[in-house]
**Student:** 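This is the structure, below, for whatever I ask next.
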Amino acid sequence: MARFRLSDLNPEQLEAVYHETGPMLILAGAGTGKTRTITARIAWLISQGEDPAKMLAVTFTNKAAREMKERIAGMVDPAEARAVTASTFHALCLRILRADATRLGYKANFSIFDEGDQMGLIKKIITRVSAKDEKLDPNLAKNMISKAKNNRWPVPEDEESLVGTVYRRYEEELRALNAMDFDDLLGKAVLLLDDHPEVREKWRERVKFLMVDEFQDTNALQLDLVGLLASGSPPNVCVVGDDDQSIYGWRGAEVSNILEFEKHFPDPRIIRLEQNYRSTNAILGAANRLIKNNPRRRGKNLWSPKEGGEPVRVIAVPDDRKEAEFVVQEIAAHRDSDRAPWEHFAVIYRMNAQSRLLESNLRQHKIPYRLVGGKSFFERREIKDITAYMTVLLNPEDDQTLLRIVNTPPRGIGATTVELALAFSIERDLSLFEALRHPDYLGTCTRRAAGAIASFVDEIGAARIRVGTPGVDAEAIVSELLTECGYIEDLKRSCKTPEEALNREGNVKEMLRALGEHSRRSGNSSNPLQSFLDEISLDREREEDKDDDNRGVTLITMHAAKGLEFPHVYLVGVEDGLLPHERSKTEGTVDEERRLFYVGITRAMKSLVITWCRNRMKFGSAMHCRPSPFLDELQGENVEMENYEEIMSRPMEEEDVVAQFAKLRAQLAGS
DNA sequence: AGGTGAGCATTTTTT
DNA sequence: ATGCTCACCT
């Protein structure tokens, strides 16, 4: 029997849980228990005898998908929980495509291009097609292509502009490489389901109950996908989201998807979750007053049965240095008086650059902190290299990836040789790999180059055959390949310090270990190498939270903080031009900045301090700042403007003195 | 091939 | 201030 209690839910949540079929829109404000609701609904449906294998919950992040699975596992039978699918949009699309992409003319072993691969290809194309006096920012091109794909705009066929040409070439190249970028995963899956009714029906058959998390962040393609997968009439789709937390418009998210839900799925049941389980009423009041100023919203009013709580403090500080000092000091004092661990504090800001001063202050005070954001494990050179080796083993047609490893480590296949091979491959309409082993090409090479190429091709070819046999030890094959081709040795050699060498080698080992573990986990079903690559190219997280020294005060951007909560929050740099970012004013997206501020505010559980600087270093020089206009909108009950000078000159309060004393005593006792 | 310096832009980043 | 790109040099 189910191990969950419906009595824990409030009436609105229960209404959502008991909803059976037909479209439903759950407007779930920040901290209103949306995951609890959605998972309880799944558990409820299962307890009513519905088949868990026909339930699909779609999220944006792997973390959210994992969390959802864990929650469900705590509520129902393990076997039932395992049968429920909780997956990201991208992982779901990949599954759809691996099964049937051949119908779109791709081979089932297509590679996935991450942003780095994508940029590399775009840059290459730009240099090839642009005339001498033409310039195109590859980043801009990438964004335009992504926007076009996410809006299902057709690839321009006769477009004369440089971007149009680049876009067209980019598509041709990807196709030739048997590769897809992240946007393609969505786009091609939608295309597949759209054009192939039998595939569509197959999936609809499997998806009796469809649930979508963070619906306010979906783009046009994702909306289409939801429409294609939803079965039943009226369509049996349940979406959860909060229009007030839509902060990814710049990435193609369409708030209209949630604002005009009725247009896409007529006559839905609409449920508002407004009871907040996270924050004090002081914090909720400020958040509500702020967000009321946005036009175009569903409208919600968060409330909590709890009392007001500490007032929200708004403080103007002289400059950004003082701001960092002040915040760190406050955190230190607060921890002592409240006996709160460092993990209970977060400093939230608009731009990553703002973390610098905070970091150095925290370090000075010996306060542990964790910085969220930064380069991931998977962007490290050696990881990209190994991934490239594995990718080539599976899809040797992927020239782009082959180029990465063809002379890594240096094996005597230099730029000239590669250029010639590339030219030959284009002339004969072959992949680069095929060209490299073609006798006609090898004949044109020097004896030495031909030898180098032949041994490289042989090494890859042999490993490729071994990997293709079912039930093999993929870890051993890749490991041997990397050692025998001299990659490991070269990696160590190219490091400046022994520590670096150790670190990089450790990364390689970690990666191989993960591959081994993955193969064991997946048994000798399909191709373990393929599924391992799929997994890592769509899940770039890992090792983030699990690690040991990852504790302490959290430094994080407002974007990255969405979905998280902290007892004590400091929102810094709330100035005109930074919080409504200057750029947003020219782009007409101030509403989204307001939502961003709203997201920041609603992260706080117990206490919230907001600071702004009268002066700030910008682009190397000091600039005068005005407070964010949003600060006026917050004003009201339980929001207090405090004077910085007064705080600094105020004598210590008694409890602080006591705490200080206790700290001193503890230090003495410890030494 | 890999290193160095001038020139330049500078928001956010789930996959 | 800082980091990144690209051109040019060793």
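Convention: sequence-line order gives letters A, B, ...; per-chain numbering from 1. Both backbone and side-chain heavy atoms feed into the values below; hydrogens, waters and symmetry mates do not. Keep in mind that this is a model prediction, so the values were computed, not measured.
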**Student:** Specify the separation, in whole Å, of atom CD of A/Glu115 and atom P of B/dT15.
**Tutor:** 11 Å
**Student:** For B/dT11, does either OP1 or OP2 sit under 4.0 Å from a side-chain N or O belonging to A/Thr557?
**Tutor:** no
**Student:** Rounded to whole Å, how long is the line connecting atom CD of A/Gln118 with atom P of B/dT13?
**Tutor:** 18 Å
**Student:** Using OP1 and OP2 only, check whether a side-chain N or O of A/Asn62 sits under 4.0 Å from B/dT15.
**Tutor:** yes
**Student:** What's the closest nucleotide to the side chain of A/Thr88 if the choices are C/dG3, B/dA1, B/dT15?
**Tutor:** B/dT15
**Student:** I want to know whether A/Phe215 and A/Phe261 have ring centres closer than 6.0 Å.
**Tutor:** yes
**Student:** Is A/Asn352 close enough to B/dT10 that one of its side-chain N or O atoms is under 4.0 Å from OP1 or OP2 there?
**Tutor:** no
**Student:** Do A/His581 and A/Trp250 have ring centres separated by under 6.0 Å?
**Tutor:** no
**Student:** Does this structure show an ion pair linking A/Asp534 with A/Arg95, if we count only N-O contacts that are shorter than 4.0 Å?
**Tutor:** no
**Student:** Please state how far atom NZ in A/Lys63 lies from atom C1' in B/dT13, giving the value in whole angstrom units.
**Tutor:** 15 Å
**Student:** Is there a side-chain polar atom (N or O) of A/Arg583 under 4.0 Å from OP1 or OP2 of B/dT11?
**Tutor:** yes
**Student:** Would you mind checking if A/Glu115 and A/Lys142 are paired as a salt bridge, meaning a charged N to carboxylate O distance below 4.0 Å?
**Tutor:** yes
**Student:** Would A/Trp250 count as stacking on B/dT12 if stacking means ring centres less than 5.5 angstrom apart and planes tilted under 30 degrees?
**Tutor:** yes
**Student:** CG of A/Asn139 versus P of B/dA9: gap in Å, rounded?
**Tutor:** 13 Å
**Student:** Rounded to whole Å, please give me the gap between NZ in A/Lys123 and C1' in C/dA7.
**Tutor:** 14 Å
**Student:** Do the side-chain N or O atoms of A/Arg356 get closer than 4.0 angstrom to the phosphate oxygens (OP1, OP2) of C/dG3?
**Tutor:** yes
**Student:** With centres under 5.5 Å and planes under 30°, do A/His90 and B/dT15 count as stacked?
**Tutor:** no
**Student:** Select from A/Met351 and A/Asp217 the residue whose nearest nucleotide in DNA chain B is closer to the 5' end of that strand.
**Tutor:** A/Met351
**Student:** Please classify the nucleic acid contact of A/Asn407 as base, sugar-phosphate, or nothing, using heavy-atom distances under 4.0 Å.
**Tutor:** sugar-phosphate
**Student:** What interatomic distance, in whole Å, is found between P of B/dT13 and the corresponding atom of C/dC4?
**Tutor:** 15 Å
**Student:** Just how far, in rounded Å, is C1' of B/dT10 from CE of A/Met623?
**Tutor:** 12 Å
**Student:** How long is the line joining OH of A/Tyr349 and P of B/dT12, in whole Å?
**Tutor:** 10 Å
**Student:** Heavy-atom nearest nucleotide on DNA chain B for A/Gly414 versus A/Lys562: which residue maps closer to 5'?
**Tutor:** A/Gly414
**Student:** What is the distance, rounded to the nearest whole Å, between atom CG of A/Leu538 and atom P of B/dT13?
**Tutor:** 20 Å
**Student:** Which one, B/dT12, B/dT14, B/dT11, comes nearest to the side chain of A/Arg251?
**Tutor:** B/dT14
**Student:** Hey, are A/Asn178 and A/Asn109 close enough side-chain-wise for a donor-acceptor pair under 3.5 Å?
**Tutor:** yes
**Student:** What does A/Tyr248 touch in the nucleic acid at a heavy-atom separation under 4.0 angstrom: a base, only the sugar-phosphate, or nothing?
**Tutor:** base
**Student:** Could you tell me if A/Arg278 sits above the aromatic ring of A/Phe566, with its cationic atom closer than 6.0 Å to the ring centre and no more than 45 degrees from the axis?
**Tutor:** no
**Student:** Could you work out which one of B/dT15, B/dT13, B/dT10 sits closest to the side chain of A/Thr61?
**Tutor:** B/dT15
